[in-house]
Engineer: 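If you scroll down you'll find the structure; I have some questions about it.
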Protein chains: 2
Amino acid sequence: MTSTTDKQTTRQTGQRRAIFQALAKDKTALTAQELHQHLTGVGLATVYRNLQRLAEQGKVDTIRRPNGELAFRVCGVGHHHHLICRSCGRVVEVHDCALEDWSRKLATEHDFSAIEHQTELFGTCGACANKTA
Amino acid sequence: MTSTTDKQTTRQTGQRRAIFQALAKDKTALTAQELHQHLTGVGLATVYRNLQRLAEQGKVDTIRRPNGELAFRVCGVGHHHHLICRSCGRVVEVHDCALEDWSRKLATEHDFSAIEHQTELFGTCGACANKTA
DNA sequence: CTTTGTGCAAAGGCTTTGCATGCTT
DNA sequence: AAGCATGCAAAGCCTTTGCACAAAG
């Protein structure tokens with residue numbers, strides 16, 4: 001079922017490169033629209049299509065903003081969470097996850113299986129706190 | 001600033017009652033559209049407006065589904081999280097939160113303040129696991 | 001009677017999709 | 001040359017908003 005010649009169709013195009021690079025450089029998580037604004041000569045639909053693909057391939061992480069928008073970010077490998085400054089949008093990857101044990105415990109207690117958690121942490125970073133003060 | 005006679009404008013209407021009751025009875029978190037379907041004689045806009053208000057007043061909790069839809073639920077008081085069956089949608093309130101200490105620690109480590117976390121846990125409940133098996 | 005709530009339909013914002021053309025391989 | 005990728009515009013969803021009418025207090 002996973003062996004039918006599996007053509008890993010993914011052509012190298014300028015737009016694709018541009019999108020990924022822009023994402024890789026940015027310290028914040030960007031939405032398709034933001035990305036589209038920052039780029040030139042890349043259609044919005046193309047941005048959406050590529051982000052979707054990158055996410056499927058696991059090359060970027062998705063972050064759901066409080067208002068429902070979906071943002072994307074190039075991340076390190078392994079399970080981790082995001083500590084996001086609600087002012088400047090800067091993202092800090094947190095690899096120290098406290099939820100593993102917790103969710104295992106909850107699984108037992110409530111007879112649930114295959115528990116997944118998707119947590120975003122929103123706060124104010126030091127820099128922004130100073131600006132405001 | 002919080003003392004200008006503060007009219008707690010909130011009239012009692014049949015629709016309002018119907019929406020809240022439907023929500024209170026349901027074991028799952030419902031979206032405005034789902035709620036609108038289940039009810040009769042209540043406009044969709046009215047459902048949206050009331051849910052929004054209820055959420056602002058803290059009378060219902062909001063749950064963001066993986067696909068971005070916003071669902072609502074009448075919950076117990078105090079900080080807690082939701083363990084949601086991805087099959088039947090049943091929601092279990094989890095009052096035992098493991099993230100408090102963790103986020104405090106992260107705040108210190110990364111110089112962030114006012115960290116808030118919004119975590120939803122998705123899994124498969126025992127009943128549904130059996131059905132599938 | 002005054003003010004808030006409701007319904008309907010229009011409008012908005014984000015995302016996806018159809019189709020013809022262009023570019024990668 | 002063959003097929004995926006792109007662009008543009010249209011269409012889809014979910015949600016919000018404007019306005020006239022109905023209802024609550």
Side-chain angles (χ1 to χ4, degrees), chain A residues 4-23 26 28-57 59-73 84 89 118 120, chain B residues 4-23 26 28-57 59-73 84 89 118 120:
Chain A
T4 324
T5 311
D6 259 14
K7 276 200 178 180
Q8 264 301 106
T9 320
T10 292
R11 232 161 245 196
Q12 206 63 316
T13 71
Q15 292 89 328
R16 194 155 285 178
R17 227 185 280 281
I19 291 171
F20 188 80
Q21 287 187 17
L23 217 46
D26 207 297
T28 73
L30 299 171
T31 64
Q33 315 227 20
E34 290 166 349
L35 218 28
H36 173 245
Q37 279 194 300
H38 299 337
L39 297 173
T40 312
V42 184
L44 179 56
T46 299
V47 177
Y48 272 107
R49 279 191 277 241
N50 277 291
L51 288 178
Q52 191 176 282
R53 182 175 231 135
L54 286 169
E56 284 168 2
Q57 301 176 330
K59 292 182 183 166
V60 303
D61 275 20
T62 61
I63 291 175
R64 180 76 62 180
R65 294 190 181 161
N67 65 358
E69 285 179 317
L70 199 55
F72 300 79
R73 184 158 189 277
I84 306 163
Q118 226 264 299
E120 310 296 359
Chain B
T4 323
T5 310
D6 257 14
K7 275 199 179 181
Q8 262 303 106
T9 322
T10 292
R11 244 164 234 195
Q12 206 65 319
T13 72
Q15 291 91 328
R16 193 156 285 175
R17 225 185 281 280
I19 291 171
F20 188 79
Q21 287 187 15
L23 216 48
D26 207 296
T28 74
L30 300 170
T31 64
Q33 313 226 22
E34 291 166 346
L35 217 29
H36 174 244
Q37 279 193 300
H38 299 338
L39 297 174
T40 312
V42 183
L44 179 56
T46 298
V47 177
Y48 272 107
R49 280 191 277 240
N50 277 291
L51 287 178
Q52 192 174 282
R53 182 175 232 140
L54 286 168
E56 284 168 1
Q57 302 177 331
K59 293 183 184 166
V60 302
D61 276 21
T62 62
I63 292 176
R64 179 77 60 181
R65 296 191 180 160
N67 66 357
E69 285 178 318
L70 199 54
F72 301 80
R73 184 157 188 279
I84 306 164
Q118 225 265 297
E120 310 295 359

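Quick note on labels: first sequence line is chain A, next is B, and so on, each numbered from 1.
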Engineer: Looking at B:Arg64 and A:Pro66, would you say the former's side chain and the latter's main chain have a donor-acceptor pair under 3.5 Å?
Structural biologist: yes
Engineer: Once you build an axis from the first five pairs and another from the last five of the helix from C:dC1-D:dG25 to C:dT25-D:dA1, how far apart in angle are they, to 10 degrees?
Structural biologist: 30°
Engineer: What's the spacing between B:Leu30 CG and B:Ile19 CD1 if we round to 0.5 Å?
Structural biologist: 11.5 Å
Engineer: Can you name the closest pair of heavy atoms from B:Glu69 and B:Asn67 and give their distance?
Structural biologist: N-OD1, 3.1 Å
Engineer: What is the distance, rounded to the nearest whole Å, between atom CG of A:Leu51 and atom C1' of C:dT15?
Structural biologist: 11 Å
Engineer: To the nearest Å, how far apart are A:Gln15 CD and D:dC8 P?
Structural biologist: 11 Å
Engineer: Under 4.0 Å, heavy atoms only, any strand: does B:Arg65 hit a base, just the sugar-phosphate, or nothing?
Structural biologist: nothing
Engineer: Hey, could you give me the CD/CD distance between B:Gln118 and A:Gln118, rounded to the nearest 0.5 Å?
Structural biologist: 10.5 Å
Engineer: For side-chain contact (heavy atoms from CB on, under 4.5 Å), just list the numbers for B:Thr10 and B:Gln57, CA-CA rounded to whole Å, side-chain angles, deciding distance to a tenth of an Å, and then say yes or no.
Structural biologist: CA-CA 11 Å; B:Thr10 292; B:Gln57 302 177 331; 3.5 Å; yes
Engineer: What's the CD-P distance between A:Gln37 and C:dG13, to the nearest Å?
Structural biologist: 13 Å
Engineer: Nearest whole angstrom, please: distance from the P of C:dC14 to the CG of A:Leu35.
Structural biologist: 15 Å
Engineer: OP1 or OP2 of C:dT15 sitting under 4.0 Å from any side-chain N/O of B:Asn67?
Structural biologist: no
Engineer: Apply side-chain contact (heavy atoms from CB on, under 4.5 Å) to residues B:Leu23 and B:Leu51 and explain how you reach the verdict.
Structural biologist: CA-CA 10 Å; B:Leu23 216 48; B:Leu51 287 178; 3.7 Å; yes
Engineer: Quick check on D:dA5: is either OP1 or OP2 less than 4.0 Å from any side-chain nitrogen or oxygen of A:Thr46?
Structural biologist: no
Engineer: Starting from P on D:dC13, measure out to NE2 on B:His36 and report it in whole angstrom.
Structural biologist: 17 Å
Engineer: For side-chain contact (heavy atoms from CB on, under 4.5 Å), just list the numbers for A:Leu54 and A:Phe72, CA-CA rounded to whole Å, side-chain angles, deciding distance to a tenth of an Å, and then say yes or no.
Structural biologist: CA-CA 9 Å; A:Leu54 286 169; A:Phe72 300 79; over 6 Å; no
Engineer: Return a table of donor-acceptor pairs under 3.5 angstrom between the side chains of residues 36-50 of chain A and protein atoms on other chains or two or more places apart.
Structural biologist:
from, atom 1, to, atom 2, distance (Å)
A:His36, NE2, A:Val42, O, 3.3
A:Tyr48, OH, A:Gln33, NE2, 3.3
A:Asn50, OD1, A:Arg16, NE, 2.6
A:Asn50, OD1, A:Arg16, NH2, 3.3
A:Asn50, ND2, A:Thr46, O, 2.9

Engineer: Write down the distance between CZ (B:Arg17) and C1' (C:dG5), rounded to a whole number of angstrom.
Structural biologist: 14 Å
Engineer: Using atom CD of B:Gln57 as one end and atom C1' of C:dG5 as the other, report the distance to the nearest whole Å.
Structural biologist: 14 Å
Engineer: Reading nucleotides 14-24 of chain D from the 5' end, what letters show protein touch, with B for base, S for backbone sugar-phosphate only, - for no heavy atom under 4.0 Å?
Structural biologist: SBBBB----BB
Engineer: In sequence, state the C-alpha distance, the side-chain angles, and the governing distance for B:Val60 and B:Arg73, and then conclude on side-chain contact (heavy atoms from CB on, under 4.5 Å).
Structural biologist: CA-CA 5 Å; B:Val60 302; B:Arg73 184 157 188 279; over 6 Å; no
